[in-house]
Amino acid sequence: MSHPIMFAAAKHLTTAEERRTAARENAFRTWGPRSVAAAAKYARRLLGDEAVTLDWEVLGLLSFEEHLQAFAPLDTFGGQHLELYYTDQGGTERILLRVSCVSCPSQHVHEVTSMEQLGQLLSQTPAWQSIDPRDGGNL
C-alpha cells in the first residue's frame with residue numbers, strides 16, 4: 001500500500017494545477033478588457049484629455065498573462081494608414097504611431113512620447129494637409 005504522503009502530494013499537486021488553470025482562464029477572459037482599459041488610461045496620461053476620443057481595440061492575443069496590447073485607428077490618408085499601438089510588457093508602457101502603406105508592405109513605427117511629438121510625427125504624413133491648423137485643418 002502506498003504511503004499516505006504520496007496521496008497528499010498528489011492531491012496538493014492536482015489542487016495547484018487546477019488553481020493555475022483557473023487563473024489562466026480568468027486572465028484569458030479579462031485580457032482584452034484589461035488591454036483596452038490600460039491603453040485608454042496611459043494615452044490620457046501621455047496625450048492629455050483629447051485621448052479620451054480614441055477608440056481602442058484589442059490587437060490580438062500574445063502572452064496574455066503579462067503583455068497587454070491594443071490599437072486605435074486614426075485615419076487613412078494619401079495611401080497611408082495611421083494607427084496608435086499601446087503595449088505594456090513587463091510594466092513598461094509605450095504608445096507607438098504606426099504609419100503603413102495601404103497598397104504596399106512599407107511601414108514605419110515611431111514611439112510617441114507627448115502630444116507635441118505626436119503632432120511632429122503627423123506633420124510628416126500626408127494627413128497633415130487636412131489637419132494643419134495653420135491651413136484651416138479641422139476634424
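One-based numbering along the sequence shown.
- Atom CG of Asp55 is separated from atom CD of Glu57 by 5.5 Å, given to the nearest 0.5 angstrom.
- Under 3.5 Å, the side chains of Ser100 and His81 contain no donor-acceptor pair of N or O atoms.
- The local environment of CD in Glu116 is sparse, with at most 12 non-hydrogen atoms from other residues, nucleotides or ligands closer than 6.0 Å.
- In this structure, the separation between CG on Leu118 and CG on Leu46 is 9.0 Å, given to the nearest 0.5 Å.
- Annotation: the span from Asp88 atom CG to His67 atom NE2 amounts to 7.5 Å, rounded to 0.5 Å.
- Ring orientation note: the planes of Tyr86 and Trp56 are nearly perpendicular, at an angle over 60° on the 30°/60° scale.
- Contact of the Leu82 side chain with the Leu122 side chain is registered, since non-hydrogen atoms from C-beta on lie closer than 4.5 Å.
- Ion pairing between a basic and an acidic side chain is recognised when a charged N comes within 4.0 Å of a carboxylate O; Glu50 and Arg44 show no such pairing.
- Residues Ser35 and Gln69 come closest through the heavy atom pair CB-O, 3.1 Å.
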Quick one: do Leu84 and Leu74 satisfy side-chain contact (heavy atoms from CB on, under 4.5 Å)? Show the steps, please.
CA-CA 7 Å; Leu84 290 178; Leu74 298 178; 3.8 Å; yes
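- A pairwise comparison of heavy atoms in Phe7 and Ser2 identifies CE1-CB, 3.7 Å as the closest pair.
- For the pair His108/Arg98, no side-chain contact is recorded, criterion being any heavy-atom separation below 4.5 Å from C-beta on.
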Checklist entry - Given Tyr42 and Ile95, is the side-chain contact (heavy atoms from CB on, under 4.5 Å) satisfied, shown in steps? => result CA-CA 8 Å; Tyr42 184 68; Ile95 289 184; 3.6 Å; yes
Check: What's the verdict on side-chain contact (heavy atoms from CB on, under 4.5 Å) for Val58 and Trp31, showing C-alpha distance, side-chain angles and the deciding distance?
Finding: CA-CA 9 Å; Val58 176; Trp31 180 83; 3.1 Å; yes
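- Atom-to-atom distance recorded for Leu96:CG and Glu83:CD is 11.5 Å, nearest 0.5 angstrom.
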Next on the checklist: Let's go through Leu47 and Val112 carefully: what are the C-alpha distance in whole Å and the side-chain angles of both, what is the deciding distance for side-chain contact (heavy atoms from CB on, under 4.5 Å) to 0.1 Å, and is it a yes or a no?
Outcome noted: CA-CA 9 Å; Leu47 303 174; Val112 175; 3.8 Å; yes
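- Here Thr113 contributes atom OG1 and Gln120 contributes atom CD; the two are 8.0 Å apart, rounded to the nearest 0.5 Å.
- Within a 6.0 Å radius of CG in Leu13, more than 12 heavy atoms belonging to other residues, nucleotides or ligands are found.
- Using a 4.5 Å cut-off on side-chain heavy atoms (C-beta onward), Gln117 and Glu111 make no contact.
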